[in-house]
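Okay, so here's the structure we're looking at.
What you see is a predicted model, and the numbers here were worked out from it, not measured in a lab. Values below: every heavy atom of this structure, side chains too, minus hydrogens, waters and symmetry copies.
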Amino acid sequence: MATTQLLSTVAHWETLPEGYVRAESDRPRLAEVATDRNIPLIDLASPDKPLVIAEIARACRTYGFFQVSNHGIEEELLEKVMAVALEFFRLPPEEKEKLYSDEPSKKIRLSTSFNVRKETVHNWRDYLRLHCHPLEEFVPEWPSNPAQFKEIMSTYCREVRQLGLRLLGAVSLSLGLEEDYIEKELGEQEQHMAVNYYPRCPEPDLIYGLPKHTDPNALTILLPDPHVAGLQVLRDGDQWIAVNPRPNALIINLGDQIQALSNGAYKSVWHRAVVNASQERMSVASFLCPCNSAVISPASKLVAEGDAPVYRSYTYDEYYKKFWSRNLDQEHCLELFRGQ
């Protein structure tokens with residue numbers, strides 16, 4: 001019964017089912033999406049470290065995201081992650097049934113859309129949500145089928161966490177802070193992952209894989225489908241730009257907590273996922289999140305003398321609950337935490 005809701009159990013839809021079509025005013029207008037050839041691609045193996053830090057600073061101020069090459073995660077591992085993820089979504093319905101849940105607070109679950117209990121229009125996405133840190137606590141509950149799933153995904157989780165912490169150090173330095181400032185402020189960071197599957201869609205102009213949103217966490221590392229674009233980012237408040245995958249590059253976007261810690265200097269970017277009429281698409285998003293008790297407030301060094309911080313102090317637990325109590329595409333959740 002549960003898996004009948006999953007898009008991945010149906011071979012191919014000829015028309016959109018009821019409950020998926022967006023109102024005319026809330027459609028992706030794919031013909032108006034631009035391509036930006038200047039999206040920052042940062043070579044993390046560059047020997048010129050000050051240049052790398054400067055490039056990260058510029059990307060965070062102007063785009064809110066960037067791509068990284070030579071990030072230290074082997075191409076073979078990235079390929080294995082995508083292959084085993086696709087294999088999972090092609091399992092028989094009775095296998096997927098074991099993991100299906102529409103309870104948003106469940107830490108390991110297979111579900112569809114975004115919040116099927118609450119939303120009025122559904123999104124064209126199935127996803128497997130996995131909590132990843134500490135690994136030994138969560139891996140036993142991960143899927144045992146496909147047979148290689150736990151081994152491949154746990155290897156990737158370890159490597160992507162190290163990359164994430166390294167990038168947080170670079171973001172700290174780019175703000176003129178100590179390298180370990182952000183990591184210390186965020187506490188023992190949680191880590192989770194969304195393994196996303198976007199099937200072929202008969203009418204991509206009428207629907208989203210995911211509507212526009214910002215990420216509530218600190219840093220997101222996206223492994224995109226190398227062959228099919230789908231991520232789009234809002235630039236200058238009104239122009240959607242397509243982010244085309246680069247060979248073996250990962251896409252890094254800042255979450256709301258970096259925007260708050262930077263006192264608004266860096267942007268947590270609005271982004272969305274669109275779907276494709278001719279090809280299915282996969283992506284694997286890894287999220288580094290502050291521990292729930294971490295107190296988030298702008299770094300004092302980034303608040304000019306005599307000025308009030310842009311955002312008040314709050315715990316991540318308070319923020320996360322507020323974020324999930326709203327619709328995904330409402331106003332930026334950080335607006336609710338602006339200083340008085």
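- Between the side chain of Asp180 and the backbone N or O of Glu183, no donor-acceptor pair lies under 3.5 Å.
- Atom CG of Leu219 is separated from atom CD1 of Ile182 by 9.0 Å, given to the nearest 0.5 angstrom.
- The side-chain heavy atoms of Leu110 and Leu6, taken from C-beta on, include a pair separated by under 4.5 Å.
- In summary, the side chains of Lys96 and Thr9 do not present any donor paired with an acceptor at a separation below 3.5 Å, with no hydrogens or angles considered.
- Atom-to-atom distance recorded for Ile258:CD1 and Asp215:CG is 11.5 Å, nearest 0.5 angstrom.
- Within 6.0 Å of the CZ atom in Arg246, the count of heavy atoms belonging to other residues, nucleotides or ligands does not exceed 12.
- Within the 4.5 Å cutoff, no side-chain heavy atoms of Trp124 are placed close to those of Pro204.
- Contact of the Ile241 side chain with the Gln232 side chain is not registered, since no non-hydrogen atoms from C-beta on lie closer than 4.5 Å.
- In plain terms, the two heavy atoms of Val33 and Pro28 that are nearest each other are CG2-O, 4.4 Å.
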Listing, residues 75-92 side-chain donor-acceptor contacts under 3.5 Å, not counting sequence neighbours, or none:
| unit_1 | atom_1 | unit_2 | atom_2 | d |
| --- | --- | --- | --- | --- |
| Glu75 | OE1 | Asn248 | ND2 | 3.4 |
| Arg90 | NH2 | Glu280 | OE1 | 3.4 |
| Arg90 | NH2 | Glu280 | OE2 | 2.3 |

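- Residues Asn123 and Tyr20 have side chains not in contact (no heavy-atom distance under 4.5 Å, counting atoms from C-beta outward).
- By the 4.5 Å heavy-atom criterion applied to side chains, Ile207 and His122 are not counted as neighbours.
- In this structure the side chain of Cys201 reaches within 4.5 angstrom of the side chain of Leu16, judged on heavy atoms.
- Aromatic rings from Tyr319 and Phe337 are positioned such that their centres are separated by under 6.0 Å.
- Using a 30° and 60° split on the angle between ring planes, Tyr320 and Tyr316 fall in the tilted class, from 30° to 60°.
- The closest side-chain donor-acceptor pair between Tyr311 and Asn263, if any, does not fall under 3.5 angstrom.
- Here the OG atom belonging to Ser174 is positioned 6.5 Å from the CD1 atom belonging to Ile53, to the nearest 0.5 angstrom.
- The two residues Val243 and Gln67 make their nearest non-hydrogen contact at CG1-NE2, 3.9 Å.
- The side-chain heavy atoms of Asn217 and Leu288, taken from C-beta on, include no pair separated by under 4.5 Å.
- When every heavy atom of Thr15 is checked against every heavy atom of Pro202, the shortest pair comes out as C-CG, 3.7 Å.
- Between His271 and His213, the ring planes are tilted. Angles from 30° to 60° get that label.
- Under a 3.5 Å cut-off, the side chain of Ser154 and the backbone N or O of Glu151 do form a donor-acceptor pair.
- Checked by atom type, the side-chain pair Ser278/Asn276 shows a donor-acceptor distance below 3.5 Å.
- Judged by the 6.0 Å and 45° rule, Arg272 forms a cation-pi pair with Trp240.
- In this structure, Cys333 and Lys322 approach most closely via the heavy-atom pair SG-CG, 3.9 Å.
- Distance check, rounded to the nearest 0.5 Å: CG of Leu135 to CE of Met153 gives 12.0 Å.
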> Stepwise, does the side chain to side chain donor-acceptor pair (under 3.5 Å) test hold for Ser297 with Tyr314?
Replying inline: CA-CA 7 Å; Ser297 60; Tyr314 55 84; over 6 Å; no
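- One finds the CZ atom of Arg161 at 9.5 Å from the SG atom of Cys132 (value rounded to the nearest 0.5 Å).
- No donor-acceptor pair under 3.5 Å is formed between the side chain of Asp317 and the backbone N or O of Ser293.
- The number of heavy-atom neighbours closer than 6.0 Å to CD of Gln239, taken from other residues, nucleotides and ligands shown, is above 12.
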> Arg235 and Tyr63: side chain to side chain donor-acceptor pair (under 3.5 Å), yes or no, with the steps?
Replying inline: CA-CA 7 Å; Arg235 188 88 207 276; Tyr63 280 84; 3.3 Å; yes
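- Taking CG from Leu177 and CG from Leu261, the interatomic distance works out to 9.0 Å, rounded to the nearest 0.5 Å.
- Using modelled atom types and a 3.5 Å distance limit, the side chains of Glu137 and His131 yield no donor-acceptor pair.
- Listed for the Arg125 side chain is no donor-acceptor partner under 3.5 Å among the backbone atoms of Tyr198.
- The shortest side-chain heavy-atom distance between Cys289 and His192 falls under the 4.5 Å cut-off.
- Salt bridge annotation for Lys321-Glu318: absent, with no cationic side-chain nitrogen under 4.0 angstrom from a carboxylate oxygen.
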> Is there a side chain to side chain donor-acceptor pair (under 3.5 Å) between Asn196 and Ser283 once you walk through the steps?
Replying inline: CA-CA 5 Å; Asn196 300 308; Ser283 71; 3.1 Å; yes
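- No donor-acceptor contact under 3.5 angstrom links the side chains of Ser111 and Asp102, judged on distance only.
- Cation-pi geometry between Arg109 and Tyr100 is not met: the NZ or CZ atom fails to fall both under 6.0 Å from the ring centre and inside 45° of the normal.
- Judged by a 6.0 Å distance limit and a 45° cone about the ring axis, Lys150 is not positioned over the six-membered ring of Trp142.
- Using a distance-only test at 3.5 Å, with no hydrogens or angles considered, a donor-acceptor pair links the side chain of Lys301 to the main chain of Gly176.
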